[in-house]
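Notes for the one structure printed next.
Just so we're clear, the structure is a prediction, and the values are computed from it rather than from any experiment. Because only heavy atoms are used, hydrogens play no part in the values below, and waters and symmetry mates are left out as well, while side chains stay in. FYI, the numbering just counts along the sequence from 1. Atoms within each ligand, like the ligands themselves, are counted from 1 in listed order.
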Amino acid sequence: MIRGGKKLTGRVRISGAKNAASKMMVASLLTDEKVTLTHFPRIGDTAITAELCKSFGSKLSISGETITIHTPTIVNPVAHSLSRRNRIPILALGPLLARCGKAEVPILGGDKLGHRPVDLHVSALTAMGARITEETNGYRASAPQGLHGAKIIFPFPSVGATENTILAAVLAKGTTVICNAAIEPEILDVIKLLQKMGAIIGLGANRVISIDGVERLRGAAHEIMPDRNEAVSFACLAIATNGKITVEGARQEDLITFLNAARRIGGEYEVMRKGIVFWRERALTGIEVETDAHPGFMTDWQQPLVPLLTQAKGISVVHETIYEDRFGYVRDLNAMGANIKVFSKCLVEVQCRFNGYGFEHSAVISGPTPLIGGKSAVRDLRAGMMQIIAALIASGVSTITGVEEIDRGYYAIDARLRALGADIKRVVLKTSNSKL
Ligand code: EPU
């Protein structure tokens, strides 16, 4: 429950990156030695991945923000179900095939942002010698002759498929070349860990990644990069509430496109030695934004930005080019008083791959419109953060249900927002059939 209208001010330290941490936990399956990760985020997504690793035989020890994962042997390369779902299990196929020659992982979950197929993962691993079938409860894979290098050309720089190919290639025979690879900072961070473990991975021009397979990998220690989605969320909170937040750990190099957007709408920032301070400099004005693969404006940043655009004078346009269905949350924001229309046409600059298919993937926001608190349920992780930001700038009280989805990606978000001055509390809602 959030009562809006408070300025958020103070310092917040951002956690290790969710979208690097879980991949590194999977990378630890590539060696029989210990892998230690520091700045480890204790969030829902890494808890699901810990459950996955344990089911294969990993021993995990967590102390504060440090996790050590040790998988001397893969006791069982088969995981059929987990208590919750995320996007990670399919990334374990490569490490399991390298160590056992066979693997089964559960069907994927994660945010519902469109169809989210895994065809690129499957075709890359198949080109490397894996046989993969999709069963009702998951993916079954084998590589009787082991995995070998291959040239993989992605039609789209998929983050997950690039990671999957790298994780499969590091112990494969020969060289793998990935063309049109994703090069998100979290992927480079996973590559840094793999290099420390003994892998040979080259980054070429024009999104080419080449991997020379090695015989074995060893243990290593690595500090996980800061979460740039958390950084952007807190930056948007500072600008939205007209407060001032020092985001400790935010790195300019990870946020270049966001920083430009923040300044163009009327936000301002100062880059410090160990973080970035954000505030609102002037009355907000509308802008146009197009999401894209890195180094473009990240798709996960459009949800925290849009509530600010509802407070900006004039028209803003957001063209989502990564997911075909990432504007479901607009209904909640309009119910609070926003004026947002979604279109299936590609607005802004590029005609993206969703053009002509009828997906409502462009939004036009007219502002400023006052927001009024209300009741809403969390649709997905980043939309959940959008709802928090909207509630903090709305008048009255907002009730957001299903916040455990937000916990999947943000550590103790309610406590951290309270420390910045937010009027927010986590409650268990009692319903008529509640057993509580
Ligand atoms: N795609 C395919 N075929 C594939 C793989 C992807 O068509 O085989 C399509 C997807 O349907 C989607 C697009 O490619 O339209 C992007 O998918 P990608 O594989 O790049 O994303 P992902 O690996 O599933 C990761 C993050 C997302 C983030 C995206 C884009 C993780 C666990 N998730 O997803 O993060 O939005 O990259 O940067 O790393 C979040 O943290 O809230 C989140 C959704």
Side-chain angles (χ1 to χ4, degrees), residues 15-27 41 43-46 48-49 52 84-93 108-127 132 134 139 152-167 178 180-190 207 224-225 227-233 254 257-258 291-304 320-326 328-329 352-354 357 359 361 378-386 405-410 413:
S15 312
K18 154 179 142 353
N19 291 345
S22 286
K23 323 306 173 54
M24 290 180 189
M25 295 171 80
V26 173
I43 51 176
D45 218 48
T46 53
I48 302 171
T49 312
L52 179 76
R84 286 180 291 164
R85 287 180 178 178
N86 67 3
R87 306 291 305 162
I88 304 303
I90 200 166
L91 303 181
L93 288 181
L108 304 192
D111 296 328
K112 291 171 191 64
L113 313 170
H115 184 40
R116 300 190 86 176
V118 290
D119 54 318
L120 305 180
H121 298 240
V122 172
S123 60
L125 296 193
T126 303
I132 304 179
E134 188 176 339
Y139 303 92
I152 311 291
I153 304 174
F154 287 133
F156 175 84
S158 154
V159 169
T162 300
E163 291 164 338
N164 210 335
T165 310
I166 294 171
L167 290 167
I178 311 174
N180 204 20
I183 49 165
E184 267 62 9
E186 293 79 11
I187 299 178
L188 303 189
D189 209 29
V190 174
R207 295 186 173 277
I224 300 167
M225 67 172 280
D227 194 305
R228 60 198 174 111
N229 291 327
E230 267 205 8
V232 164
S233 303
D254 299 331
T257 358
F258 171 77
T291 66
D292 204 351
H294 187 76
F297 190 93
M298 196 184 185
T299 169
D300 297 340
W301 299 342
Q302 58 106 336
Q303 296 86 345
E320 168 62 56
T321 76
I322 305 296
Y323 294 109
E324 67 269 32
D325 186 17
R326 215 171 189 180
Y329 68 86
C352 75
R353 65 208 163 96
F354 306 134
Y357 288 97
F359 299 120
H361 69 293
V378 173
R379 290 167 186 276
D380 62 73
L381 170 57
R382 305 297 165 198
M385 176 48 71
M386 180 294 293
E405 188 55 29
I406 303 175
D407 295 333
R408 204 164 60 74
Y410 295 87
I413 191 65

Geometry only, no angles: is Arg353 polar-contacting ligand 1 at N/O separations under 3.5 Å? yes
List ligand 1 atoms under 4.0 Å from Phe156, heavy atoms only on the residue side. 13 (C), 14 (O), 16 (C)
May I ask you to check if ligand 1 and Met298 share an N or O to N or O distance below 3.5 Å? no
Any idea which atoms of ligand 1 are less than 4.0 Å away from a heavy-atom of Arg326? 36 (O), 42 (O), 44 (C)
Interatomic distance, Asn164 atom CG to Leu125 atom CG [nearest 0.5 angstrom]: 4.5 Å
I'd like to check Asn229 versus Asn19 (side-chain heavy atoms, cut-off strictly below 4.5 Å). Are they in contact? yes
Would you say the side chain of Glu320 lies within less than 4.5 Å of the side chain of Thr299, judging by non-hydrogen atoms? yes
For Arg207 against Pro157, the heavy-atom pair lying closest together: NH1-CB, 3.8 Å
Ligand 1 atoms in contact with Arg87 (distance to a heavy atom under 4.0 Å): 24 (O)
Using side-chain heavy atoms (C-beta onward) and a distance below 4.5 Å, is Gln303 in contact with Leu381? no
Between Lys18 and Glu230, does any NZ, NE, NH1 or NH2 come within less than 4.0 Å of an OD or OE carboxylate oxygen? no
Mind checking whether Arg382 has an N or O less than 3.5 Å away from an N or O of ligand 1? yes
Proximity of His121 to ligand 1 by residue part, where a heavy atom lies under 4.0 Å: both
Would you call Lys23 and Glu163 a salt bridge, taking side-chain N to carboxylate O under 4.0 Å as the test? yes
Element-labelled atoms of ligand 1 that are located less than 4.0 Å from some non-hydrogen atom of Leu120: 3 (N), 4 (C), 8 (O)
With respect to Asp45, determine whether any N or O atom, backbone or side chain, lies less than 3.5 Å from an N or O atom of ligand 1. no
Mark up the atoms of ligand 1 that fall under 4.0 Å of a heavy atom belonging to Ile322, in ascending order. 12 (C), 13 (C), 15 (O), 16 (C)
Per-atom contacts, ligand 1 versus Gly160 - under 4.0 Å to a heavy atom: 19 (O), 23 (O)
Approximate separation, where rounding is to 0.5 Å, of Leu120 CG and Thr165 OG1: 8.5 Å
Near Val118 (heavy-atom distance under 4.0 Å), the atoms of ligand 1 are 4 (C), 8 (O)
Lys23, portion touching ligand 1 at heavy-atom distance under 4.0 Å: side chain
Please work out, at 4.0 Å between heavy atoms, whether the side chain, the backbone, both, or neither of Lys18 comes within that distance of ligand 1. side chain
So between Ala21, Ser22, Ala182, Pro117, whose heavy atom ends up nearest atom 11 (O) of ligand 1? Pro117
Under 3.5 Å, N or O to N or O, is Glu184 touching ligand 1 that way? no
Could an N or O of ligand 1 be found under 3.5 Å from any N or O of Thr299, whether backbone or side chain? no
Heavy atom under 4.0 Å from ligand 1: found in Leu381's side chain, backbone, both, or neither? side chain
For His361 and Tyr323, which heavy atoms make the closest approach, and how far apart are they? CB-O, 4.5 Å
Would you call Asp380 and Arg408 a salt bridge, taking side-chain N to carboxylate O under 4.0 Å as the test? no
Once the angle between the rings of Trp301 and Phe258 is folded into 0 to 90°, is it parallel (under 30°), tilted (30 to 60°) or perpendicular (over 60°)? perpendicular
